[in-house]
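See below for the structure under consideration.
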Amino acid sequence: MAPRYEMVVGMDKGHKTTKNNLKPKPSHGKGRNTKHNRFVRDLVREVVGFAPYERRAQELLRIGKEKRCLKFLKKRIGSHDLAKKKREEMQSVLQAMRKKQAA
């Protein structure tokens, strides 16, 4: 690669400066999954239950229509990746329910 000079044009144009390393902002920690956070979310889920679209997704999974469930969730949530994540969450909830009933 060519040596770097103070050029007027190009990718590295302008006066050379040193990078200012800043501390990470506290706001970047928002949404991190802590022990307390997990406890609160579990408690809220227990009290409030599932949204109607989540109940319908569970019903679709119960009868074995996983692809239809994904299409349904994708339409409701708006993103393919988030829909896949939600479907996995609903499957794990159903598994937990079955495990609880068996015990």
Same cluster (ILVMFWY, side-chain, under 4.5 Å), Val93 and Leu61: yes
Rounded distance (nearest 0.5 Å) linking atom OG1 of Thr17 with atom NZ of Lys19: 9.0 Å
Residue pair Met90 / Phe50, side-chain heavy-atom distance below 4.5 Å: yes
CA sep, side-chain torsions, deciding dist, call: Lys86, Tyr53, side chain to side chain contact (heavy atoms under 4.5 Å, CB included): CA-CA 11 Å; Lys86 180 63 79 173; Tyr53 84 94; 3.4 Å; yes
Closest approach of Ala57 to Cys69 (non-hydrogen atoms, all atoms of both residues): O-SG, 3.6 Å
From CG (Leu73) to CD (Glu88), nearest 0.5 Å: 11.0 Å
Passing candidate, salt bridge (Lys or Arg N to Asp or Glu O under 4.0 Å) with Glu89, options Arg41, Lys84, Arg45: Arg45
Rounded distance (nearest 0.5 Å) linking atom OG of Ser92 with atom NZ of Lys99: 11.5 Å
Interatomic spacing from CG in Leu43 to CZ in Arg38 - rounded to 0.5 Å: 14.5 Å
Transitive ILVMFWY side-chain link Ile63 to Met97, under 4.5 Å: no
Which residues share a salt bridge (Lys or Arg N to Asp or Glu O under 4.0 Å) with Lys74, sequence neighbours left out: none
Residues Arg56, Glu59: salt bridge by 4.0 Å N-O rule: no
N/O donor-acceptor pair under 3.5 Å between Gln101 side chain and Arg98 backbone: no
Arg68 atom CZ: more than 12 heavy-atom contacts under 6.0 Å: no
Neighbour count >12 (heavy atoms, 6.0 Å) for atom CZ, Arg32: no
Closest contact, heavy atoms only, Leu70 versus Arg87: CB-NH1, 3.6 Å
Pair Gln91-Glu66, side chain to side chain contact (heavy atoms under 4.5 Å, CB included): steps then yes or no: CA-CA 10 Å; Gln91 282 176 328; Glu66 291 185 19; 3.4 Å; yes
